Number of protein chains: 2
Amino acid sequence: MRSYKEIRGILQERITSQQWQPGDLLPSEQALSEEFGCTRSTVNRAMRELADAGLVERRRKAGTRVVQPKSHPATISIPVIRQEIENKDQSYKYLLLERLEALPPEDVRAQLGLEQNEKALFLKSLHYGDGIPQQLDVRWINISALPEASQESFADIGPNDWLLQRVPHPNIEHVFRADKATAEEQRLLQLQECEPVFTIERRTWISGQGITYVRLVHPGSRYRMATRSSATPTFN
Amino acid sequence: MRSYKEIRGILQERITSQQWQPGDLLPSEQALSEEFGCTRSTVNRAMRELADAGLVERRRKAGTRVVQPKSHPATISIPVIRQEIENKDQSYKYLLLERLEALPPEDVRAQLGLEQNEKALFLKSLHYGDGIPQQLDVRWINISALPEASQESFADIGPNDWLLQRVPHPNIEHVFRADKATAEEQRLLQLQECEPVFTIERRTWISGQGITYVRLVHPGSRYRMATRSSATPTFN
DNA sequence: GTTGCATTTATGTATATGCTTATTAATGTA
DNA sequence: TACATTAATAAGCATATACATAAATGCAAC
């Protein structure tokens, strides 16, 4: 008996091999269930997963069509810097540079959804791998949403680790950029003249309430972000 | 009647609100199906989708647990530069700078899986938005895998567009970096002194056979990559 | 022609049920 | 007592069936 995974694989193969090309209409669930000698729901599951993966598009009555991709998808997982360093078997060191409660600049205030005169927690910290600075973490935390943050010194634990434990499943928005390093960044990250930085800007919130806004700054020469996410998706 | 989507939403809410915390064991499908007054399979689908989204982990017999996330997930869709420019309502211009068949350097040869003395197609092209260079495309194409490429002049269509049509669903590997611009890049992209570039390196292949290896180079000051992919995933 | 309704049909959702497997507990043996 | 082996069983996994819903199509009335 053919399982839905086998069927999914067969359909996927027909699509990637271009036996079925973008725009083509796939046979109906009914027809495929007869071809494979299974029930319609088995085919349904196979096709639904292909649709989830973006290989096909389904519309009632209109049927299932191969998608003409308009972009290259990529799924990235941004690890906590400590892990990234430890995975490379480097020694990890964390250093808190600055910690204060203050009024954030207007753009951050908006991002976190704070009141006009509401203070937030500002943290600046450095993460070293084998003694070399790898990441500068400049961050605002909404203390209305996370009052415990006021009690935490962040002397021994990085704010990223702390937050990941405290607020495990927030909504996230990322922006990646290649920036010219500021003078301070150049000094802190021990950059050479003209060396660019790779910055990750992250905003997290939970049911509308802003949690944190952070700029992660990495030396361009020592940082890369990679994905192995194939368009031919990596099913479980 | 509760639908699997409602149930999924309720469970998701309980997780994000930390009513159920990382490591906690969720009730069994059986128990939840009784709570919600539906069958086990409806609950199963809800929980399966949460597992797909990475919010929970399921193990036979052991049950379903809330995941302790170790990283921030981000799903990016890298559009073809032409679209990206047109979406910003800028005028798009494409310019082919170089086209030749030659022996690729060793690293590219390995990436594409070519024979020792096998030639490949080399393309260098520029993409403008409103007359300003936005992307430099430096690329090798495996002509054994895509003999039609030899016939195509690429004078009028960008290699990215062409390939997306020709090989719509390849496997993909991406690397993102902030680089110092080479002298040539600085000239072609009209960069200021010390302005970094955001590079996307892409390798595509299909069932083991290399298709293309490309470096997409963007002016750091004019390029950003963003994701709105929340960890609280965007279900259909 | 054009509009509108009825029909058809393809996908979407829910439920019932048997299957598979991982864990725990029981049992036996050294 | 310690460990290995086996059995029981809880839990997720897979498929079949039934019903629901949306949308394209065709036909009829105008």
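All values reported here derive from a predicted model rather than from experimental measurement. Here is the naming used below: chain letters follow the sequence lines, and residue numbers restart at 1 for every chain.
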Rounding to an integer number of Å, can you tell me how far [X] [atom1] sits from [N] [atom2]?
X: A:Gln30; N: C:dT8; atom1: CD; atom2: C1'; result: 14 Å
X: A:Arg48; N: D:dA14; atom1: CZ; atom2: P; result: 12 Å
X: B:Lys61; N: C:dC19; atom1: NZ; atom2: C1'; result: 16 Å
X: B:Glu29; N: D:dT9; atom1: CD; atom2: P; result: 20 Å
X: B:Leu25; N: D:dA10; atom1: CG; atom2: C1'; result: 12 Å
X: B:Leu50; N: D:dG12; atom1: CG; atom2: C1'; result: 15 Å
X: A:Arg45; N: C:dA14; atom1: CZ; atom2: C1'; result: 15 Å
X: A:Met47; N: D:dA14; atom1: CE; atom2: P; result: 19 Å

**Q.** Identified stems (criterion: three or more consecutive Watson-Crick or G-U pairs, under 3.5 Å), DNA chain C
**A.** C:1-30 with D:1-30
(Q) If you assign each of A:Ser41 and A:Gly63 to its closest nucleotide in DNA chain C, which residue comes earlier from the 5' end? (A) A:Gly63
Will you find, in the side chains of [X] and [Y], an N or O donor that is under 3.5 Å from an N or O acceptor?
X: B:Gln135; Y: B:Tyr128; value: no
X: A:Gln90; Y: A:Glu86; value: no
X: B:Ser33; Y: B:Arg40; value: no
X: B:Arg82; Y: B:His127; value: no

Counting only side-chain nitrogens and oxygens, does [X] get under 4.0 Å of the OP1 or OP2 atom of [N]?
X: A:Arg40; N: D:dT17; answer: no
X: B:Lys5; N: C:dT13; answer: yes
X: B:Thr64; N: D:dA11; answer: no

**Q.** Between CD1 on residue A:Ile81 and CD on residue A:Gln134, distance to nearest 0.5 Å
**A.** 6.5 Å
Q.
With rounding to the nearest 0.5 angstrom, report the CG to OG1 distance, B:Leu112 to B:Thr212.
A. 7.0 Å
Q: Report yes if a donor N or O on one partner sits less than 3.5 Å from an acceptor N or O on the other, where the partners are the side chain of A:Arg59 and the base of C:dG12; otherwise report no.
A: no
Q. Is a donor-acceptor pair below 3.5 Å formed from side chain B:Thr42 to base C:dA14, judging by atom type as modelled?
A. no
Q) Picking from D:dG12, C:dT11, C:dT13, which would you name as closest to the side chain of B:Arg60? A) D:dG12
Q.
Can you tell me which nucleotide in D:dC13, C:dT11, C:dA14 comes closest to the side chain of B:Asn44?
A. D:dC13
Q.
Which residue in the set B:Arg177, B:His174, B:Arg215 passes side-chain hydrogen bond (donor to acceptor under 3.5 Å, both in side chains) when paired with B:Glu201?
A. B:Arg177
Q) Thinking salt bridges, do A:Arg65 and A:Glu57 make one under a 4.0 Å N-O criterion? A) no
Q.
Using a heavy-atom cut-off of 4.0 Å across all strands, would you classify A:Ser28 as base, sugar-phosphate, or nothing?
A. sugar-phosphate
(Q) Just to be sure I understand the rule, does A:Arg58 reach a base, reach only the sugar-phosphate, or reach nothing, if contact means heavy atoms closer than 4.0 Å? (A) sugar-phosphate
